[in-house]
Amino acid sequence: MCPEVVNQTTDILRQSEWDVVVIGAGVAGASFALQCASDGWKTLLVDKHTFPRTKVCGCCLNGAAVQRLQQLLGAESLSAIPMMSTQRIRFCHAGKSASVPSGGLAAVSRSVLDMHLVNRYLAAGGCFLQATTANVRPWSTYEDASHRQVALTQRSLHHSPVECSADSPNRDDGSVDRDADSSGQSIVTARLVAVCDGLGHPSLHGFENMRSVVAKQNRVGLGAEIPRCAGDDAFPVDELVMAVGPEGYVGTVGVASDRLNIAAAVRPDALRTAESPGALLQSIYHQAGLPTPTLLNEAAIRGTGLLTRSEAHVALPRLILLGDATGYVEPFTGEGMAWALAASAAARSVVNDFLRGSGESGIENLWPDVHQRFVRNRQLICRLLSAGIQRPWLHSPMLTACRIFPSLANRLVRRLNQSSVPAARTL
C-alpha cells in the first residue's frame, strides 16, 4: 500500500520547525531523507515536480549503486523495483564495435526508482511536499545562526499528489504542472538543510559564493523513453549500447522488456544547428553504424543545461550539498546514481554527529573532506573517459584498445563498479 499523503500539505505547513529539510527528491535527496527519517530526525523532503515524474538522465545503476541500494532498502524491498539486468556494454563507432562485460549493471526507470525511494521515506515517518519550489534564505535576511530558513512556494494540486503505480503516465519534466497554480509562500526553519536539487542548485540562487563554474568544453543532455519495437534488434534487452560520434554519444538500454531508455550527451553547437533533437540523435546513431530506434521520431525528447560543472563549496554552516548539486562529471555507464547514493551514505554519520551536537566542528568543515574522499576522488576515471570522448580523433584508438586488450576494459569496468562507502545497516 502507498502511504496516504493527499492531505499532508496543510498539516506539514503547520509545522514550521524541522531537524532536516531536504530539497530535491531524486536519488540523492530521497535516499538521504530516508536515512534521516529512519534515524529519528524530523525530516521534510521537498520537490518542485509532482510524482511520479521523468528525469532527463541515464537509467543505469552500476554494481556499486545496486550494492548501496540493497544496503539501504534490503533485498526484499529492492526486488520489488522492476529492473533489467544488463550483461554487457557495447561501444559503437564508425561501423565498428567492442563489447565488454558490464560488471553487474542494471537498468531501471527513474520515475519508478525515485517513487519507490519516496514511498519508503514516507513509510519511515517523513513528510513530503511536491509541486513546491524551495529557496534557501541567506542569513543576512534574518541574522540567526541557530537554523536555516527555507522559503517554500507551492502550487495547488488538482489530483492525488503521489501515485504508486509504476504504470502511471510520466509527467513533463518542466517546473510547472499544467493542472497546478500558485498558492503562496511559507517559511520553514531547519537545523540542517540538504540541497539536492541538481545542476546549478537553483535553491541557492541568492548565495553569490555558491555559483557553479561551468566547464569550457561541455555538453548538454538529451533523454527520452520509448516503446521497444520488434525491429529494434540492434538494442538487445540485456545490453547497453553506446553510440559514439563527433557530435556526442547516445546510450540505449532496455528498462523493461518493451521499453527503451535513451540518454545522450551532445555538443551544444551541434544541437543548435540540427533540425531537431531527434535528428541529431539519429545522426549519431548513423555515424556509429547503428539503426535508429523505431519510435525515436515520435519521442518527447527533453533536455538539460550544460552538464559538466564544478563547485568551490559543497557546504556552508548548517547546509550541505549532495548529488549533482555538488558538481557534475559526465557519467559513463551508471556512475551518476552511484555517486549520489555514495554521497548520501557518507553524509549519514557526519549529519548524525552534527545534529546530536557531538561533532568537533561545524558541518561546513566536516562535509567537504568526507565528500572529497568518497565521491570526488571516484570521479577521476569518468573525467578521463569524458575527456577522451570529447576528442573525436581518440574514438577509434580507444575502441581498438578495447578490442585488442579486453582485460584492460574489464578492469576499468570493475573499478567503476567498486563501492567506496562502508557498509550501512539496512533500513
Side-chain angles (χ1 to χ4, degrees), residues 8-9 11-26 28-47 117-118 121-122 124-130 132-154 185-197 201-207 209-210 311 313-323 325-326 340 343-371 424 427:
Q8 270 198 334
T9 300
D11 294 336
I12 288 175
L13 292 179
R14 291 196 186 107
Q15 307 173 53
S16 61
E17 297 180 1
W18 302 85
D19 291 319
V20 183
V21 169
V22 182
I23 302 172
S31 62
F32 178 71
L34 170 56
Q35 292 173 165
C36 290
S38 299
D39 289 339
W41 304 115
K42 185 180 177 185
T43 306
L44 173 62
L45 177 62
V46 180
D47 197 278
L117 288 170
V118 168
Y121 161 74
L122 291 168
C127 294
F128 179 43
L129 285 179
Q130 55 189 324
T132 302
T133 302
N135 286 290
V136 183
R137 302 183 71 198
W139 266 340
S140 59
T141 62
Y142 56 95
E143 298 180 350
D144 186 349
S146 67
H147 62 269
R148 285 278 181 188
Q149 287 188 356
V150 181
L152 304 177
T153 303
Q154 291 189 290
Q185 187 178 89
S186 303
I187 303 295
V188 298
T189 66
R191 297 169 60 200
L192 176 75
V193 173
V195 173
C196 315
D197 54 352
H201 43 67
S203 63
L204 296 178
H205 67 82
F207 292 73
N209 61 334
M210 299 295 283
E311 304 293 335
H313 307 285
V314 296
L316 293 174
R318 297 190 178 275
L319 184 148
I320 64 172
L321 276 62
L322 294 170
T326 64
S344 65
R348 188 173 196 170
S349 61
V350 176
V351 168
N352 281 338
D353 286 346
F354 172 75
L355 292 175
R356 293 181 184 124
S358 56
E360 297 179 358
S361 183
I363 202 160
E364 71 276 15
N365 299 316
L366 296 171
W367 177 235
D369 289 341
V370 176
H371 183 266
L427 299 179

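Side-chain atoms are counted along with the backbone in the values below, which use heavy atoms only and exclude waters and symmetry mates.
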Quick one: closest heavy-atom pair of A343 and G323, and the distance? CB-N, 4.4 Å

Quick one: closest heavy-atom pair of R148 and R137, and the distance? NH1-O, 4.2 Å

Nearest 0.5 Å, please: how far is OG1 in T189 from CD in E17? 4.5 Å

S140 side, atom OG; F207 side, atom CZ - distance, nearest 0.5 Å: 8.0 Å

Quick one: does any side-chain atom of D19 pair with a main-chain N or O of K42 as donor and acceptor, under 3.5 Å? yes

V136 backbone acceptor or donor facing H205 side chain under 3.5 Å: no

Euclidean distance, L45 CG relative to C36 SG, rounded to 0.5 Å: 10.0 Å

Check step by step if side-chain contact (heavy atoms from CB on, under 4.5 Å) holds for N352 and W41. CA-CA 9 Å; N352 281 338; W41 304 115; 2.7 Å; yes

Which heavy atom of S344 sits nearest to which heavy atom of L322, and what is that distance? N-CD2, 4.4 Å

Please walk me through it: do H201 and E311 pass side chain to side chain donor-acceptor pair (under 3.5 Å)? CA-CA 10 Å; H201 43 67; E311 304 293 335; 2.9 Å; yes

Rounded to the nearest 0.5 Å, how far does CH2 of W139 lie from CG of L316? 8.0 Å

By side chain to side chain donor-acceptor pair (under 3.5 Å), R318 pairs with (sequence neighbours left out) none

Please round to the nearest 0.5 Å and tell me the distance separating atom CZ of R348 and atom OG of S38. 6.5 Å

Give me the one residue out of V150, L44, V22 that meets side-chain contact (heavy atoms from CB on, under 4.5 Å) with V193. V150

Relative to W18, does R191 satisfy both conditions: NZ or CZ under 6.0 angstrom from the six-membered ring centre, and within 45 degrees of the ring's axis? no

What closest approach, in Å, do L34 and Y121 show between heavy atoms, and which atom pair accounts for it? N-CD1, 3.7 Å

V351 vs I320 side-chain heavy atoms within contact, under 4.5 Å: yes

If I take atom CD from residue Q185 and atom CG from residue N135, how far apart are they, to the nearest 0.5 angstrom? 7.5 Å

Given the options D197, L152, L321, L204, I23 meets side-chain contact (heavy atoms from CB on, under 4.5 Å) only with D197

Side chains of F128 and D47: closer than 4.5 Å at any heavy-atom pair? yes

Which heavy atom in A190 sits nearest to a heavy atom in V21, and how many Å separate them? CB-CG2, 3.6 Å

Smallest separation among heavy atoms of I363 and P368, with atom names: O-CD, 4.0 Å

